[in-house]
2 protein chains.
Amino acid sequence: MRGDAFDPDCPTRLILDRIGDKWSVLVVLSLAGGPRRFTELRRRIGGVTPKVLTQTLRTMERDGLLTRHVFAEVPPRVEYALTPLGLSLGRPIQAITDWAEEHVEAVVAARARHDGLPG
Amino acid sequence: MRGDAFDPDCPTRLILDRIGDKWSVLVVLSLAGGPRRFTELRRRIGGVTPKVLTQTLRTMERDGLLTRHVFAEVPPRVEYALTPLGLSLGRPIQAITDWAEEHVEAVVAARARHDGLPG
DNA sequence: CAGGATCCAATGCGATACTG
DNA sequence: CAGTATCGCATTGGATCCTG
């Protein structure tokens, strides 16, 4: 049985909320090539604070999208890796960001045109 | 020149923000089959209030994703339709919602498993 | 290195009521 | 029918400082 995004009570909405958050998408893309450490992610994803990155990673771990592996070393080392589920999400995510990167100019232009016109 | 979603100053981020909002995705899906009137959209998209739906539609119009056409009739009639740009966004959006509807159970299960375990 | 703790600002969103 | 106006809260996310 599939979900139904149009039903306000369907948990599919929860997924869309997650995808809609500011950083999950970039985390998925960053991990698509293999496991990464916390600071690697932080550097790769411009503008994210450690607090928010941690929150994002914890939520995604809870949702079964990635795993968190702590190595018993000094200095500490923690690696994040996509699960098969998270990896499968990578494809539609990539489609969205591809669209965004390709059409960003058209949107910005439309916005300028709209804002420039009176009324 | 394409955008770069990893650059915090790239407007691509603005697009991701739009896609991430609670209702735009459902509006795109609702209009994929052709133009719809305001109340049709409102009924189709469960749980949205008129104020928020209007906001969403206005923003999407500004971004060049849809057009708003007012008919000079009584009672009033307003139709919303996707532009070619909005239509092109429909495909990656559909990919995301397909993923969500297909994997919602896996995510909910992962969440339950995670929350059920101590620590 | 990988975070936790705390405080705070923005704002998205909802409820309700009203209108040309 | 297709909105607008007002109010207010809950959530999200950012700045900053601290630590095992």
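Keep in mind that the numbers below use all heavy atoms, side chains included, and drop hydrogens, waters and symmetry copies.
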**Q.** Check: R68(A)/Y80(A) side-chain N/O donor and acceptor closer than 3.5 Å
**A.** yes

_Could you check whether any side-chain heavy atom of F38(B) comes within less than 4.5 Å of a side-chain heavy atom of T54(B), counting everything from C-beta outward?_
yes

Whole-Å distance, E73(B) CD to dA2(D) P, equals 10 Å

Would you indicate what R42(A) reaches in the nucleic acid, counting non-hydrogen atoms under 4.0 angstrom: base, sugar-phosphate, or nothing? nothing

Per the under-4.0 Å heavy-atom filter, residues of residues 8-34 of chain B near DNA chain D come out as none

With the side chain defined as heavy atoms from C-beta on, K51(A) is closest, among dG13(D), dA2(D), dA2(C), to dG13(D)

message: Tell me whether D17(A) is salt-bridged to K22(B), with the criterion being a basic N under 4.0 Å from an acidic carboxylate O.
response: no

Worksheet entry | Stepwise side-chain contact (heavy atoms from CB on, under 4.5 Å) test for F6(B) and L29(A) | CA-CA 9 Å; F6(B) 286 100; L29(A) 292 179; 3.7 Å; yes

DNA chain D nearest-nucleotide lookup for V52(A) and P76(A): closer to the 5′ end is V52(A)

Q: Salt-bridge test for E79(B) and R77(B): reply yes if a basic N is under 4.0 Å from a carboxylate O, no otherwise.
A: yes

(message) Do T12(B) and D4(B) make a side-chain contact, defined as non-hydrogen atoms from C-beta onward lying under 4.5 Å apart?
(response) no

Margin query: Quick check: do L89(B) and I19(B) have side-chain heavy atoms less than 4.5 Å from each other?
Written below: yes

T39(A) has its side chain closest, among dC1(D), dC1(C), dG3(D), to dC1(C)

Within residues 53-69 of chain A, the residues having a heavy atom closer than 4.0 Å to DNA chain C are T54(A), R58(A), R68(A)

Separation of dG13(D) atom C1' from I45(A) atom CD1, nearest Å, is 15 Å

Assess the residue pair L53(A) and V27(A) against the criterion (side-chain contact (heavy atoms from CB on, under 4.5 Å)); give the C-alpha distance rounded to whole Å, side-chain angles, the decisive distance to 0.1 Å, and a yes or no. CA-CA 9 Å; L53(A) 181 56; V27(A) 167; 4.1 Å; yes

> Under 4.0 angstrom, heavy atoms only, what part of the nucleic acid is F71(B) near: base, sugar-phosphate, or nothing?
Replying inline: nothing

